[in-house]
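Let me begin by presenting the structure, written as structure tokens, before commenting on it.
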Amino acid sequence: MSHVFHRSLTASYPIACAGDGPYLIDAHGKRYLDACGGAAVSCLGHSDAAVIAAVQQQAATMAYAHSSFFTSEPMEALADFLAARAPAGIDSVYFVSGGSEAVESALKLARQYFVERGQPQRRHVIARRQSYHGNTLGALATGGNAWRRQQFEPLLIDVTHVAPCYAYRDQLPGETDGDYVVRLGQQLEDRIFELGAQNVMAFIAEPVVGATAGALPAIDGYFRRMREICQRHGILLILDEVMCGMGRTGSLFACEQDGITADLICIAKGLGAGYQPIGAVMVSSDMRDTIRAGSGFFQHGHTYIGHATACAAALAVQQQIEQRDLLANVRAMGALLKERLGERLGDHPHVGDIRGRGLFLGLELVQDRATKQPFDPARRLHARIKAQAMQDGLLCYPMGGTIDGLHGDHILLAPPYIIGSRHVEEIVGKLAGAIDACLA
Ligand code: PLP
């Protein structure tokens, strides 16, 4: 028996041994097309020579130096790279080792900012139902997925949740996009007034909801409205781009397509593409300047923040994406994948919605297309599709609880930015086969 405390203590996992572009290869030589990048991580595939060389070189030169003593060239260069491309107003970067740490850091930065600005009463966070912000206690409390929270509820800080922008299910018949946005904005503002506007610290949201809702983008105008409400009340906007950022939706930052910027932007996953564990919080100049003029330091920190080898890997990843103009490929292959999914599954009796942006696409499965009734959760359709697809050599990321944490099934696709049309055909063919096999 393995001595590893695996995610599942009853499952047995194949051994991943090698990578070849968008494919992973197991110990038996079986090839799996990675159509989800694990959890939207491996955006350059699994064998990028330039990134591997950068990791090797940094590890051989100066692998790590603790950030309380030193800065490092790769950390400075990566921060310069990101700041130069960041949405307006953002110009510094706090490095961590993953998405949950990025969210925790953002929450604490928001709190410290208000303490230093003489508004210590600001402590409330407003987030959205059906969001996922990570598994550490602060991030878990912030997330709005009932199933993930349930057993840990007694340990979680108090966070207020409002509705997500979920047009497929929640936009009312006859309601225009504009009216739906106004309704959601009103709900946010009602919560702000209930908590006392002067007590609210931050509103946090994923521009395109990933794991818990299946690549769910907001409709046009939603984020501009939320941003405007937050600004009116002096509330910080935290965007969680851990999954949807770093080019996944076709622009380096997902929020570019929503026409907004934020006070804090959390990134991870595609930042290091899995070649090293790394995440970051991108911070507005106003927040940085306030803390610099106040206490002068952020009362936070982890052993591995700004890890030199991780920063070197992430810099190489981002340079590869830019130099090879891979975001153009994300947009082209994303459009092709969506089109081919539509052709193959758009009229499928159990595919209710195909959505997403760039190479970040989701399919919501339903028992009945007309009523949008979900499948019985006891059927665990999502888990069966994951297993079937894997058996067929396709990695995809299905999940249940799409609607309320319990009901609903979706499949998330997030293939590497390097795929071509033959990979699109392989994804669509194998995915459609797995769905049909599990519904037969
Ligand atoms: N935020 C979002 C939007 C995520 O999708 C995730 C992970 O899936 C996280 C935060 C947590 O990131 P990590 O698993 O790296 O801690």
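In what follows, every heavy atom counts, from backbone to side chain, and hydrogens, waters and symmetry copies are set aside. Predicted model, so just to flag it, every value in this text is computed and none were measured. Indexing begins at 1, ligand by ligand and atom by atom, following the structure's order.
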Look only at interatomic distance and state if [X] has a nitrogen or oxygen under 3.5 Å from any nitrogen or oxygen of ligand 1.
| X | value |
| --- | --- |
| Ser100 | yes |
| Gly99 | yes |
| Lys269 | yes |

Mark up the atoms of ligand 1 that fall under 4.0 Å of a heavy atom belonging to [X], in ascending order.
| X | answer |
| --- | --- |
| Met243 | 5 (O), 8 (O) |
| Glu206 | 3 (C) |
| Asp240 | 1 (N), 2 (C), 3 (C), 10 (C) |

Establish, from distance only, whether the side-chain atoms of Asn199 and His124 form a donor-acceptor pair under 3.5 Å.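 There is no such pair between these side chains.
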Any side-chain donor near an acceptor of the partner, His46 and Asp34, under 3.5 Å: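 Yes, side-chain donor-acceptor contact under 3.5 Å.
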Residue pairs passing the side-chain hydrogen bond (donor to acceptor under 3.5 Å, both in side chains) test where at least one lies in residues 81-98, sequence neighbours excluded: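 Pairs touching residues 81-98 that pass the test: Arg85-Glu322, Asp91-Arg288.
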Looking at Leu363, is its backbone amide N or carbonyl O close enough to the side chain of His410 to form a donor-acceptor pair, meaning the two atoms are under 3.5 Å apart?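 No, the answer is negative, given that no donor and acceptor are paired below the 3.5 Å cut-off.
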If we ignore hydrogens and angles and just use 3.5 Å, is the side chain of Arg227 paired with the main-chain N or O of Thr261 as donor and acceptor?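 At least one qualifying donor-acceptor pair exists.
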Taking only residues two or more places apart in sequence, or in another chain, which ones meet Tyr13 in a ring pair (Phe, Tyr, Trp, His ring centres under 6.0 Å)?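 Partners of Tyr13 under the ring pair (Phe, Tyr, Trp, His ring centres under 6.0 Å) test: His6.
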The one among Val208, Val242, Asn135 that brings a heavy atom closest to atom 9 (C) of ligand 1: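 It is Val242 whose heavy atom sits nearest to atom 9 (C) of ligand 1.
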